[in-house]
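Shown next, in structure tokens, is the structure this report addresses.
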Amino acid sequence: DAGVIQSPRHEVTEMGQEVTLRCKPISGHDYLFWYRQTMMRGLELLIYFNNNVPIDDSGMPEDRFSAKMPNASFSTLKIQPSEPRDSAVYFCASSFKGVSTDTQYFGPGTRLTVL
Amino acid sequence: GQQVMQIPQYQHVQEGEDFTTYCNSSTTLSNIQWYKQRPGGHPVFLIQLVKSGEVKKQKRLTFQFGEAKKNSSLHITATQTTDVGTYFCAGPHYNTDKLIFGTGTRLQVFP
């Protein structure tokens, strides 16, 4: 199995631009998670999906962030407009059957730099 | 809100020395997971503990879940340079089931 796939691996953009991060979860996994990691705030859960349906988006910082999962094999996290404080590593993860009782498999991450 | 703290924040050891990181939750946990993140990498699942007082071993790594299920520890015997990375504990949020990650302990091993 290829594992969780994320693209791009690195993104550098200017403030005000739209950024779209992409994720392909492990086939057969019912749950998909988007995390953000920074030195200051650590690893934070932004949103997660169960069977393509958003379940909890309470971690999404503000309206500039949105996430979709149009099918079982693809999800996007969009930031519009981007700001320098959005600079972080964004991880996508998936799990087979559970949120906190099952192993979460992380993708390699997208390192986002907003200038 | 619920907090999961880890100490120490950083640990530098000489290769061959032992290492321990401690994880403390502000609430009782139904289970606890441990992940390792290599520098520049992504978190990788190590183990899950469920029972009060449970102890599990993986080669040189020993994981323990406290009797009150509010704390946990990871002990590495005779560290190697391949142990370098940040170790995170993670437990379920008390009423949403989301996984809350600890603050992490970064381990550096000098040869």
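Naming: A, B, ... by sequence-line order, numbering from 1 per chain.
Scanning residues 2-35 of chain B against chain A with a 4.5 Å non-hydrogen threshold yields Tyr10(B), Asn31(B), Gln33(B), Tyr35(B), sorted by number. Using a 4.5 Å cut-off between non-hydrogen atoms, no part of residues 69-86 of chain A approaches chain B.
A single hydrophobic cluster is not seen to contain both Phe106(A) and Leu46(A); linkage of ILVMFWY side chains at heavy-atom distances under 4.5 Å, directly or through other members, places them apart.
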Run the side-chain contact (heavy atoms from CB on, under 4.5 Å) check on Val55(B) and Thr62(B) step by step: do they pass? CA-CA 7 Å; Val55(B) 178; Thr62(B) 302; 3.8 Å; yes
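Glu67(B) and Ser52(B) form a side-chain donor-acceptor contact under 3.5 Å, judged by distance and modelled atom types alone.
The line from NE2 of His42(B) to NZ of Lys36(B) is 12.0 Å long, rounded to the nearest 0.5 Å. Between the OG atom in Ser72(B) and the NZ atom in Lys70(B) there is a gap of 14.5 Å [rounded to 0.5 Å].
Of the two parts of Tyr48(A), only the side chain, counted from C-beta on, holds a non-hydrogen atom closer than 4.5 Å to a non-hydrogen atom of chain B. Proximity to chain B (any heavy atom under 4.5 Å) is restricted, for Gln37(A), to the side chain, taken from C-beta onward. Within the 4.5 angstrom heavy-atom criterion, only side-chain atoms of Leu45(A), from C-beta onward, approach chain B. Contacts between Tyr35(A) and chain B at a heavy-atom distance below 4.5 Å involve the side chain alone, from C-beta outward.
Listed for the Glu54(B) side chain is a donor-acceptor partner under 3.5 Å among the backbone atoms of Val50(B). Not one N or O on the side chain of Arg111(A) forms a donor-acceptor pair closer than 3.5 Å with the backbone of Tyr90(A). Without hydrogens or angle criteria, Thr110(A) side chain to Arg9(A) main chain gives no donor-acceptor distance under 3.5 Å. The backbone N or O of Ile47(A) sits nowhere less than 3.5 Å from a side-chain atom of Lys98(B) that would complete a donor-acceptor pair. In this structure, His93(B) contributes its side chain and Asn95(B) its backbone to a donor-acceptor pair below 3.5 Å. Judged purely by atom type and a 3.5 angstrom limit, Asp102(A) has no side-chain atom pairing as donor or acceptor with the backbone of Val99(A).
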